[in-house]
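We count ligands from 1, going down the list as the structure has it; atoms in each ligand are counted the same way.
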Amino acid sequence: MKMDVVRISNLVKKYSNITVLNNINLTLNEGEIIGFIGPSGSGKTTLVKSIIGMEKVDNGGIELLGKKIPNLKVLNDIGYMAQSDALYEELTGKENLEFFCKLYRLSKNQIKSRIEYTSKLVNLENELSKKVSNYSGGMKRRLSLAISLIQDPKLLILDEPTVGIDPKLRFSIWEELKSLKADGKTIILTTHVIDEAEKCDKLVLIREGNIIATGSVDELKQQFKVNTVEEIFL
Ligand code: ADP
């Protein structure tokens, strides 16, 4: 039986007096790629941050991998890539990756193999000795993605992962996300890109802090009586 990787019940999040997430209930299964879609300002990032415990919520409960969060141990099993890159600009790409390896207490051998694997995945293996301050925006995005995968997490949460990444690399990253999924990993991502939404097993439609629908692309097309994913977005 598939495990519930994410279980959210009655989640409410406010900033001052403004309700940004309004009684969210959501259960996500393992081994799926789930896309959070919705207009800018609808609450996608806030939901993602609440899930990983970066935002204190006003009501409700969140369980990840069967454990109530906040829980430091669970964080080891979660890879997170924020919308803005949190990198050490004065360090090289490799030193950034090493820093996170040490944070997760990987062994020397693991450090070597995980840096090799993740940097190759994002096509940065030949740029690792450069300082991040000399990286382009796209390279920084790619390094952030490598970092989110560094400890081989079970659950990967990516906020707009392919912004600023060219189509060719975007394609290869998607191929890799699919193979991570085939390994049983669960991937949550937020996106504005229609062809990315189409690749998700499940979509969660968010409007003004509410989940208005969840389901596969085909289920949502039926539910909204439309023929294209574009129309789901509208
Ligand atoms: P999305 O990711 O869908 O673009 P966000 O989750 O970033 O949406 O934002 C949802 C709403 O919460 C927006 O109205 C935004 O202005 C507001 N918001 C986000 N972060 C903060 C914050 N730190 N303080 C106050 N309001 C915020």
Numbered atoms of ligand 1 (with element) below 4.0 Å of [X], judged on heavy atoms:
X	answer
Thr46	5 (P), 6 (O), 9 (O), 10 (C)
Lys44	1 (P), 2 (O), 3 (O), 4 (O), 6 (O), 8 (O)
Pro39	3 (O)

Considering only protein heavy atoms, which is closest to [atom], and at what distance to one decimal place?
atom	result
atom 8 (O) of ligand 1	Gly43 N, 3.2 Å
atom 19 (C) of ligand 1	Tyr15 CE1, 3.4 Å
atom 12 (O) of ligand 1	Val20 CG1, 3.3 Å

Residue part near ligand 1, for Ser16, under 4.0 Å between non-hydrogen atoms
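None of Ser16 does.
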Which residue pairs pass the ring pair (Phe, Tyr, Trp, His ring centres under 6.0 Å) test with at least one member in residues 125-178, sequence neighbours excluded?
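Non-adjacent pairs meeting ring pair (Phe, Tyr, Trp, His ring centres under 6.0 Å): zero.
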Against ligand 1, does Gly38 come closer than 4.0 Å with any heavy atom?
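It does not, in that no heavy atom of Gly38 comes within the 4.0 Å cut-off of ligand 1.
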Can [X] and [Y] be counted as having a side-chain donor-acceptor contact under 3.5 angstrom?
X	Y	value
Asp159	Thr45	yes
Glu175	Ser172	no
Ser9	Asn25	no

Return a yes/no value for Gly41: is any of its N or O atoms, backbone included, closer than 3.5 angstrom to an N or O of ligand 1?
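Right, the criterion is met.
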Report yes if some N/O of Thr45 lies less than 3.5 Å from some N/O of ligand 1; otherwise report no.
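It does: an N or O of Thr45 is found under 3.5 Å from an N or O of ligand 1.
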Using the salt bridge (Lys or Arg N to Asp or Glu O under 4.0 Å) rule, collect all pairs that involve residues 200-227, keeping only residues at least two apart or in two chains.
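Those involving residues 200-227 are Lys181-Asp201.
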Regarding Lys199 and Glu196, does a basic nitrogen lie under 4.0 Å from an acidic carboxylate oxygen?
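Not counted as a salt bridge, because no side-chain N and carboxylate O are separated by less than 4.0 Å.
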Check this for me: does any side-chain nitrogen of one of Lys131 and Glu89 sit under 4.0 Å from a carboxylate oxygen of the other?
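No, this pair does not count.
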Within a distance of under 4.0 Å, is there any protein heavy atom near atom 22 (C) of ligand 1?
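Within 4.0 Å of atom 22 (C) of ligand 1, protein heavy atoms are found.
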Evaluate the 4.0 Å heavy atom contact test for atom 16 (O) of ligand 1: does a protein atom fall under the cut-off?
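When distances to the protein are checked, atom 16 (O) of ligand 1 has no heavy atom within 4.0 Å.
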Nearest 0.5 Å, please: how far is CG in Leu91 from CD in Glu95?
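Between atom CD of Glu95 and atom CG of Leu91 there are 5.0 Å.
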